[in-house]
Amino acid sequence: MPLVFNTNYVNNFPANAMAAFQRAQNTWIAALPNANATIDVSAVWGATLPQNLTAICIPNAIQSFLNAPAANVWYPSALADNLANQDLQPNDEDMTVFFAQLPQQFDWNVAAGHPRGNQYDLESIALHELAHGLGFAGGFWAIGWPWRGSYGDAQLIALANQVIQGSGHGQALGFILPILNGHPSIYGTHIQDVNGNYLTDPNHYVNNPPSNQLGAQLIGGNLFFDLNPRVPVYAPNPFVPFTSIDHLVDPTSLMRPGIAAGQQVRAVDAPVLQILNALGW
Ligand SMILES: [Zn+2]
């Protein structure tokens, strides 16, 4: 069985926007032909999101499941289902994607044609957000100044809960966010510094308490996902929660830090696919 998306549309999600969301899902189904998972998604229309956010994906996460490749590591539940060859949490959603109520001067492009200059392309942004739900979620956190960095930090979950509750559709989240207990995400375990040391290797970086060494790396603009060749990940100063590390530097990639109005990216580029394959897709 290939990848299957089971989508629950919330808050009068328009039919033409559903069609655009489904086109994005179909692109993922085609990109991951060896996947074996049924992904339960909620898609929320008209959410109130923090300034500048067009959409956000909140993935469910699970650890220590049957045949988990690594212990004490958080996997997005969609990926865990794929690795376990079963729906590990049949009563829970795997991810919820919130699409913003855009400011008046902007508009969603839900059509198959190219977005106009003041339109955000829903298909492109859905494709990008689904990638977060499939695994592009580093679980890192940093606060300054001086910057102190950590992963699996309760403050990350607190901020996520704040965004979810502020969306006006908090009840649409079809799962309870886990307490991360200082454990890394599977994506996070692949992040290296310039010397090839892993940020989640306790022999190199202290996580508890949050450390200046981790903080400096998280805002240092010099981090990589450990493919061959290594893929630079976005690590700006200041740290941006849910954006730093979870995106690629390449401005043409699907997983660049943001897809601006007027831009369209409706294909999965090779590094993005290779990263998902490395995570276990
Ligand atoms: Zn993103």
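Remember, it's 1-based here, ligands and their atoms both numbered in the order they're listed. Nothing here was measured: the structure is a model prediction, and the numbers come from that model.
Here the N, O or S atom of His132 that is nearest to the Zn ion (ligand 1) is NE2. Within His128, the N, O or S atom at minimum distance from the Zn ion (ligand 1) carries the name NE2. Taking the Zn ion (ligand 1) as reference, the nearest N/O/S atom within His247 carries the name NE2.
A donor-acceptor contact under 3.5 angstrom links the side chains of Ser42 and Asn8, judged on distance only. A side-chain N or O of Tyr198 and one of Asp226 form a donor-acceptor pair less than 3.5 Å apart.
Using the six-membered ring where Trp is involved, Tyr187 and Phe136 have ring planes that are tilted, between 30° and 60° apart. Aromatic ring orientation, Tyr9 versus Phe13: tilted (interplanar angle from 30° to 60°).
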